[in-house]
Amino acid sequence: MLSGAQPTADSYHLGNYFGAFKQWVALQDEFEAFYFVPDLHAVTVEYDPALLRERTYVAAAQFLAAGVDPDRSALFVQSHVPEHAQLAWVLGGITGFGEASRMTQFKDKSVKGGQDLSSVGLFTYPILMAADILLYQADKVPVGEDQRQHVELTRNLAQRFNHRFGETFTVPEPHIVKATAKIYDLQDPTSKMSGSNQSHAGVVDLTDTPKQVAKKLRSAVTDSGTEIAFDPVAKPGISNLLSIYSALTGDPVETVVAEFEGRQYGHLKVALGDLLAEFVGAFGDRTRELLDDRGELDRILAQGATQAREVAATTLDLVYERSGFVRGIRP
Ligand code: TYM
């Protein structure tokens, strides 16, 4: 199993946590897992090098704070494993231009940033993501709903390569947990929670202070009516809060709804605000502690990269062999 989350913001948010990290942690008992910080993906948009370096450390610390266990899972930084870029190049040769043009995330991002400002790297990004996954022969890729199309492309590329050059890649399945596949913005509960949303008032970051979190919850947009019910179409705001409450406590949504029966929206907002403030407070403490020891983080990432390279090099070797590259005496 393999997954990653881009280090393109100062912190991950609740959407990343529930959509991805929680699944990563649960699955590491069952699978041989590889979790990585995709720093090569982060250079496809304009960025600041010093900030990227810092965000990469914060990303690794937040993976660990979420419960990724480096003794069970390989935790590494993408640029430490050159095979990602090498395989991406080969896969680029079997990806159709039209096929890549259909990726909705590229379309969204290039509309936001302007077509001329969008880089070629942003366009070919899903091919690199396919390489990330296929290098590890992953069976499952735990992601949120917004990454489904990229995993679908990965499946197509794996099947195409296998068909043309012989069985080489495992065809991966996305692992998407429906209840938390899309956490919505607290101010605009019809858009997903995202670090690139214009206002940050509806995005709960994992580095927020308990006070900030409580405030964001108090001002969360709710719906007309007064009854607390789970109905994502008619009551997107309340349903989003119920989903988060359920994910955080582990109680099914129906139980949460029953718990709040006869009470008002405000009660749910305050109760969830308290729970989240406590959660984020503890998460922040753990992250800061990990960030205080960069030597230890470097050690964990080096160990992860060594484990990752062993698998990645074996796959790339097979791909080069199948691709017809000369495998004689190599430096
Ligand atoms: P990224 O960095 O945008 O997001 C990381 C993970 O968080 C999930 N996610 C959400 N889930 C629920 N609700 C939300 N509001 C929400 N926002 C984000 C994403 O679906 C994702 O699982 N291309 C990837 C990073 C990547 C990757 C990979 C992932 C690069 N290579 C290989 C898996 C395998 C991305 O941009 O995710």
Side-chain angles (χ1 to χ4, degrees), residues 1-25 27 33-45 55-56 58-59 62-63 66 68 76-79 81 84-85 87-88 91 103-106 108-109 121-155 157-158 172-197 202-206 232 236 239-240 243-244 247 308 312:
M1 192 185 56
L2 168 128
S3 201
Q6 283 204 70
T8 41
D10 292 332
S11 168
Y12 294 114
H13 53 70
L14 276 190
N16 302 130
Y17 180 79
F18 288 119
F21 302 168
K22 230 182 139 203
Q23 273 52 261
W24 300 7
V25 172
L27 290 166
F34 295 86
Y35 297 122
F36 74 107
V37 185
D39 56 347
L40 298 177
H41 286 268
V43 304
T44 59
V45 290
R55 286 171 168 181
T56 301
V58 173
Q62 291 193 327
F63 290 4
V68 167
F76 64 99
V77 174
Q78 189 183 29
S79 62
V81 184
H84 288 247
L87 178 58
L91 294 176
M103 294 296 116
T104 53
Q105 200 169 53
F106 172 74
D108 291 349
K109 285 195 184 175
L122 188 65
F123 181 68
T124 56
Y125 167 118
I127 305 173
L128 180 59
M129 178 160 163
D132 300 336
I133 298 168
L134 299 180
L135 267 181
Y136 300 91
Q137 306 287 8
D139 295 296
K140 286 208 186 298
V141 186
V143 285
E145 183 60 40
D146 60 353
Q147 297 300 318
R148 185 190 289 278
Q149 195 187 27
H150 292 160
V151 181
E152 203 48 50
L153 173 74
T154 305
R155 289 172 55 83
L157 295 180
E173 302 266 354
H175 176 86
I176 300 176
V177 174
K178 193 159 176 273
T180 48
K182 196 167 179 183
I183 300 292
Y184 294 88
D185 188 287
L186 300 182
Q187 287 296 318
D188 175 8
T190 55
S191 322
K192 74 168 178 181
M193 189 176 281
S194 161
S196 59
N197 287 359
V203 179
V204 176
D205 281 325
L206 297 171
S239 301
N240 188 38
S243 299
I244 297 174

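Atoms within a ligand are numbered from 1 in the order they appear, just like the ligands themselves.
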Undergrad: For H41, check ring-ring contact (aromatic ring centres under 6.0 Å, His included) against everything at least two apart and list the hits.
TA: Y125
Undergrad: Scan residues 129-148 for pairs that pass ring-ring contact (aromatic ring centres under 6.0 Å, His included), counting only residues two or more places apart or in two chains.
TA: F34-Y136, F76-Y136, H84-Y136
Undergrad: Residue by residue, ordered by chain and number, which ones reach under 4.0 Å of ligand 1 with a heavy atom?
TA: L2, S3, G4, A5, Q6, H13, G15, N16, G19, A20, F36, P38, H41, Y125, M129, D132, I133, V141, V143, G144, D146, Q147, T180, A181, K182, I183, K192, M193
Undergrad: I'd like to know if D185 and K192 make a salt bridge, using a cut-off of under 4.0 Å between side-chain N and carboxylate O.
TA: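 Salt bridge: no.
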Undergrad: From L186 CG over to L14 CG, what is the distance, rounded to the nearest 0.5 angstrom?
TA: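 Answer for the CG-CG pair, L186 versus L14, is 7.5 Å.
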Undergrad: Between S79 and D39, do the side chains contain an N or O donor and an N or O acceptor separated by less than 3.5 Å?
TA: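 Yes, side-chain donor-acceptor contact under 3.5 Å.
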Undergrad: Can you sort out the partners of A5 under side-chain contact (heavy atoms from CB on, under 4.5 Å), two or more places apart, ordered by chain and number?
TA: Y12, F21, W24, F63
